[in-house]
Amino acid sequence: MTDAAALPGQPRGLVTSGPATERAVNVLAPNPSAMTLDGTNTWLLSEPGSDLAVAVDPGPLDEGHLRHVIDTAEKLGKRIALTLLTHGHPDHAEGAGRFAELTGTAVRALDPALRLGDEGLGEGDVVTVGGLELRVVPTPGHTSDSLSFHLPADRAVLTGDTILGRGTTMVAHPDGRLGDYLDSLRRLRSLTVDDGVHTVLPGHGPVLEDAQGAVDYYLAHRAARLAQVESAVEAGHRTAPEVVAHVYADVHRSLWPAAELSVRAQLEYLRERGLI
């Protein structure tokens, strides 16, 4: 058995519902799959002593899960006062409208199409609820509307699908762009250096105790994949499916459609820079 501390980012272990930091509680959605890992992590955030909470990524449109999130907050003596979205993929956002009905909350997101209420989210925004402070960090790349949320009091960052608790994420071409994604990873790394962030609260998978190690692993992984794609093209593999079959031969075929999206993003990135 591999020691979790030896894995990239030092994953905490099994993914379970429950407290993750002093201010963050996970409620795991019942939607496990090859793409969602153990399921979507719905995060409840609140300041100790406050009776107000923020929900991040209500998850799929699953009535049982949405009510479980509310019940969890109530058992903690909290009322959900606001809903935030890291991005618009259905496993994170499909249930947001129903969740807003159940809680009477606004939904804030970068994409106006996902919002319920007058306020969105963007660069430089600071969300405050019941003494809790969350800083909005745009992290496009996985999708164009991807956001992360810096929780300075816990020296933590909620990353949605930009960094996962296990494995790596895809760049969802054409909406996601690799250049943007690399810039976002570097921005997250600056949080670990300049702001002391050490904990990653991901959208899927276990909590990571070594945020900087996770970001460094992701950057190294992307550089290695880019080199492999460039070599594959030089060897005559011109189309995205051909490159996937060559470069991702060690990856289960069920993940090849997602890998193809990332390869398309990588090919675009290399062409834009005149490298292929």
Side-chain angles (χ1 to χ4, degrees), residues 20-21 23-24 26 29 36 40-45 53-60 80-97 99-100 105-129 132-165 168-172 175-192 194-195 197 199-205 207-208 211 214-215 218 265:
T21 68
R23 291 165 180 80
N26 183 29
T36 61
T40 301
N41 295 328
T42 296
W43 292 103
L44 287 173
L45 309 175
V54 174
V56 179
D57 288 353
I80 297 171
L82 180 65
T83 302
L84 306 178
L85 297 177
T86 61
H87 65 296
H89 279 167
D91 56 311
H92 293 257
E94 184 183 37
F99 190 72
T105 60
V107 177
R108 295 181 63 181
L110 179 61
D111 185 350
L114 299 171
R115 301 172 189 167
L116 290 173
D118 297 330
E119 289 189 281
L121 291 170
E123 178 91 39
D125 284 350
V126 178
V127 177
T128 56
V129 173
L132 180 81
E133 178 184 301
L134 276 177
R135 300 175 184 172
V136 179
V137 183
T139 47
H142 169 67
T143 60
S144 62
D145 69 328
S146 287
L147 299 172
S148 295
F149 299 108
H150 177 201
L151 182 55
D154 282 352
R155 297 172 63 193
V157 61
L158 288 81
T159 54
D161 282 356
T162 299
I163 293 179
L164 304 179
T168 57
T169 196
M170 69 171 180
V171 177
D175 180 51
R177 294 175 59 85
L178 182 57
D180 291 342
Y181 185 65
L182 295 174
D183 288 342
S184 293
L185 290 177
R186 296 183 189 106
R187 184 166 196 180
L188 290 174
R189 194 180 194 284
S190 74
L191 290 181
T192 72
D194 300 332
D195 296 276
V197 167
T199 302
V200 172
L201 304 176
H204 304 278
V207 172
L208 299 177
V215 176
Y218 267 60

Review point. Is it the case that H87 and D161 place a side-chain donor and acceptor less than 3.5 Å from each other?
Key: yes
Separation between CG (L188) and CG (D183), nearest 0.5 Å, reads 11.0 Å
Between G165 and L208 the two heavy atoms that sit nearest each other are O-CD2, 3.5 Å
Look at the side chain of H142 and the backbone N and O of M170, then say whether any donor-acceptor pair between them is shorter than 3.5 Å.
-> yes
Rounding to 0.5 Å, atoms OG (S146) and CG (D111) come to a distance of 11.0 Å
Any chance you could lay out the side-chain contact (heavy atoms from CB on, under 4.5 Å) test for T159 and T139, step after step, and finish with the verdict? CA-CA 8 Å; T159 54; T139 47; over 6 Å; no
Under the 3.5 angstrom rule, does the side chain of R108 hit a backbone N or O of R115 as a donor-acceptor pair? no
T83 side chain to T105 backbone, donor-acceptor under 3.5 Å: no
For this session: May I ask you to check whether over 12 heavy atoms, not counting those of D118, lie within 6.0 Å of atom CG?
Result: no
Note: P58 and A96 closest approach over all heavy atoms is CG-CA, 4.0 Å
With H92 as partner, the option from T36, T42, D57 fulfilling side chain to side chain donor-acceptor pair (under 3.5 Å) is D57
Check: Do L114 and D145 have side-chain heavy atoms sitting under 4.5 Å apart?
Finding: yes
Decide yes or no for L201 and N41: does some side-chain heavy atom of the first lie under 4.5 Å from some side-chain heavy atom of the second? no
Residues A29 and P60: closest non-hydrogen pair is CB-CD, 3.9 Å
>> Under a plain distance cut-off of 3.5 Å, with no hydrogens placed, do S144 and D175 share a side-chain donor-acceptor pair?
In response: yes
For V54, does its backbone N or O pair with a side-chain atom of W43 as donor and acceptor, under 3.5 Å? no
- Message: Checking V157 against V137 for the side-chain contact (heavy atoms from CB on, under 4.5 Å) test, could you report, in this order, the C-alpha distance in whole Å, the side-chain angles of both residues, the deciding distance, and whether it holds?
- Response: CA-CA 9 Å; V157 61; V137 183; 5.5 Å; no
Note to self: Quick one: does any side-chain atom of D154 pair with a main-chain N or O of R23 as donor and acceptor, under 3.5 Å?
What the structure shows: yes
Rounding to 0.5 Å, atoms CG (L84) and CG (L110) come to a distance of 12.0 Å
Closest non-hydrogen contact found for A156 with H150 is O-CD2, 3.4 Å
Validation row: L121, V127 side chains within 4.5 angstrom (heavy atoms): yes
Checklist entry - Can you check whether T162's main-chain N or O pairs, donor with acceptor, with Y181's side chain at less than 3.5 Å? => result yes
Here the pair of heavy atoms bringing V136 nearest to F149 is CG2-CE2, 4.1 Å
| said: Applying side-chain contact (heavy atoms from CB on, under 4.5 Å) to L134 and L151, what does each step give before you reach the verdict? | reply: CA-CA 5 Å; L134 276 177; L151 182 55; 3.9 Å; yes
Closest non-hydrogen contact found for P202 with I163 is CB-O, 3.5 Å
Rounded to the nearest 0.5 angstrom, the CG-OG distance for L185 and S190 is 11.0 Å
Heavy-atom side-chain contact between E119 and D125 under 4.5 Å: no
- Query: Do the side chain of D195 and the main chain of R155 share a donor and acceptor less than 3.5 angstrom apart?
  - Reply: no
